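Scroll down for the structure; my scribbles are underneath it.
Keep in mind the model is a prediction, meaning the values are calculated, not measured.
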There are 2 protein chains.
Amino acid sequence: MGRTSDAGQKILTAAQSLIELRGYSALGVAEICKAAGVPKGSFYYFYDSKEALALAVIDEHWTQQRTAWTHILTADTDPLHRLRQLFEATQATQQAGQQTCGTVSGCLFGNLTLEMSNQTEAIRTRLQQIFEAQVDMVDTVITQAREHGDITLTDTREAARSIVAQLEGQVLFAKLYNNAQRLDTLWANCLALLGAHTPQQTPAPTP
Amino acid sequence: MGRTSDAGQKILTAAQSLIELRGYSALGVAEICKAAGVPKGSFYYFYDSKEALALAVIDEHWTQQRTAWTHILTADTDPLHRLRQLFEATQATQQAGQQTCGTVSGCLFGNLTLEMSNQTEAIRTRLQQIFEAQVDMVDTVITQAREHGDITLTDTREAARSIVAQLEGQVLFAKLYNNAQRLDTLWANCLALLGAHTPQQTPAPTP
């Protein structure tokens, strides 16, 4: 097989699966090309380096995740309910991954942060931008919840950071114990971090 | 240099630094031995495999950290104050590491959880045991805080898990932004997760 027009996409797709399962350092270009079913020689036609491929994997994953987060977090429902749905969607994603791969693979961005962020400035910068964007999105919803009268805290940005940190920490445990049920606690913890201690079991849509 | 009595310790010390900085997968036995200043041939005299060395690094690190955690968390002071001191000690450790290495290297156990736990059952099991032990220690202090009348929550184990998860999530951000100041928020978040919303700035020692 030569440099067909979809060989670059095949490399990207194979790398996404492999990085999700085994991280970045453990992989070699030859293995990625073998998994993609493309000749090794074609790799550098599409990507300047393994790092460039990793950045493409990160961007592709974020494009998909941002779409999902935007859909959930800008829905026309109670702001706190949207956060709850974000956690439920995160849990569903980890469960689906486990069913496909046999193991909870965690958050690609968290995985690469701990594996790579202190070694590669380009990856560190990209991951910082993504986590800032996640915090922005959560911050916006928290601010709406405050305007909605659900919470009273003042520093919405710090609260948003803490919620994303709690999400990453619990996903770490879900991966460690290979058990997505660990994420059950995210909603109650989010409410605690927001100082909103009464879980709303069946939030009403915003009129 | 031959198989001197301290060559095994030199390998362990070199591996600890290298794994802390660059993770497990990126390292080879030859590189570890070179950093340790011992001939490569001596490696397998001391360790059956790179995985066995990683387990030894994990055990050594936990032995040190458990001593520090025990010292802090069993001190004769107000229980919540002990948790605060745990967070301050964590921050100080990350800051000291940054001054030594130029970069916040994060939590060795968290790093290896995200890099390795879904690939190596022996490492997964050891990391599970360590995080369970951490949760046990925090749970004990939370239970004492409840007996002390500082908090009223019922599920102390779940709260302990959430506090350790928040710790791991914020350490992830400290590594990502190469900034240990990110850990400033741990104490306020711990109080929020415990439903104890009034930070005690200067807790009195237990009589």
Side-chain angles (χ1 to χ4, degrees), chain A residues 20-27 98 101-119 124-125 127-128 130-132 135 153 155 158-159 161-178 182 184-186 188-189 191-195 197, chain B residues 20-27 98 101-107 109-119 121 124-125 127-128 130-132 135 153 155 158-159 161-178 182 184-186 188-189 191-195 197:
Chain A
E20 195 122 23
L21 274 176
R22 295 181 34 216
Y24 172 86
S25 302
L27 300 179
Q98 187 185 25
C101 313
T103 181
V104 171
S105 58
C107 164
L108 179 71
F109 307 131
N111 294 347
L112 289 175
T113 293
L114 293 196
E115 190 191 349
M116 295 306 300
S117 70
N118 61 339
Q119 295 177 62
R124 187 201 286 276
T125 301
L127 291 168
Q128 284 179 353
I130 288 168
F131 277 112
E132 279 305 304
V135 169
L153 58 80
D155 193 342
E158 195 60 46
R161 285 191 200 289
S162 298
I163 286 167
V164 178
Q166 177 70 209
L167 184 63
E168 288 298 318
Q170 295 285 3
V171 168
L172 182 149
F173 280 143
K175 181 167 180 171
L176 177 64
Y177 293 94
N178 198 25
R182 291 273 172 168
D184 280 349
T185 190
L186 283 171
N189 287 348
L191 291 173
L193 289 167
L194 293 174
H197 277 285
Chain B
E20 194 122 22
L21 274 175
R22 294 178 37 213
Y24 173 86
S25 302
L27 299 179
Q98 188 185 25
C101 313
T103 181
V104 171
S105 57
C107 165
F109 308 130
N111 295 347
L112 289 175
T113 293
L114 293 197
E115 190 191 349
M116 296 305 300
S117 70
N118 61 340
Q119 297 177 62
E121 275 308 310
R124 187 202 287 275
T125 301
L127 291 169
Q128 284 179 353
I130 289 168
F131 277 113
E132 279 306 304
V135 169
L153 58 80
D155 193 342
E158 195 60 46
R161 283 191 202 289
S162 298
I163 287 168
V164 177
Q166 177 70 211
L167 184 63
E168 287 299 318
Q170 295 286 4
V171 168
L172 182 148
F173 279 143
K175 181 168 179 169
L176 177 64
Y177 292 94
N178 197 25
R182 292 273 172 166
D184 280 349
T185 191
L186 283 170
N189 287 348
L191 291 173
L193 289 166
L194 292 174
H197 276 285

task: Using non-hydrogen atoms and a 4.5 Å limit, figure out which bit of Val171(A) sits close to chain B: side chain, backbone, both or neither.
output: neither
- request: Could you check if a side-chain atom of Leu176(B) sits within less than 4.5 angstrom of a side-chain atom of Glu168(A), using non-hydrogen atoms only?
  value: no
query: Do you know which of Asn111(A), Thr103(A), Leu172(A) has the most heavy-atom pairs with chain B at a distance under 4.5 angstrom?
result: Leu172(A)
- prompt: At a heavy-atom separation under 4.5 Å, does Ser117(A) approach chain B through its side chain, its backbone, both, or neither?
  reply: side chain
query: Given that the side chain runs from C-beta out, which part of Gln98(A) has a heavy atom under 4.5 Å from chain B: side chain, backbone, both or neither?
result: neither
- request: Considering only heavy atoms and a distance below 4.5 Å, find which of Leu21(B), Leu167(B), Val104(B), Leu186(B) pairs most often with chain A.
  value: Leu21(B)
- prompt: Which residue out of Arg124(A), Glu115(A), Met116(A) racks up the most heavy-atom pairs below 4.5 Å with chain B?
  reply: Arg124(A)
- prompt: Which atoms form the tightest heavy-atom contact between Ser25(B) and Ser25(A), and what is the distance?
  reply: CB-CB, 4.0 Å
field: Distance-minimising heavy-atom pair for Lys175(A) and Thr113(B)
entry: CE-O, 3.9 Å
task: Output the option from Glu158(B), Arg182(B), Arg22(B), Gln128(B) having the highest count of non-hydrogen pairs under 4.5 Å with chain A.
output: Gln128(B)
message: Between Asn118(B) and Asn178(A), is there a side-chain heavy-atom distance shorter than 4.5 Å?
response: no
- prompt: Does the side chain of Thr185(B) come within less than 4.5 Å of Arg161(A)'s, by heavy atoms?
  reply: no
message: To the closest 0.5 Å, what do you measure between OG (Ser162(B)) and CZ (Phe173(A))?
response: 9.0 Å
- prompt: Non-hydrogen atoms of chain B under 4.5 Å away: do they reach the side chain of Gln119(A), the backbone, both or neither?
  reply: side chain
query: Are side-chain heavy atoms of Asn189(A) and Gln166(B) found at a separation under 4.5 Å?
result: no
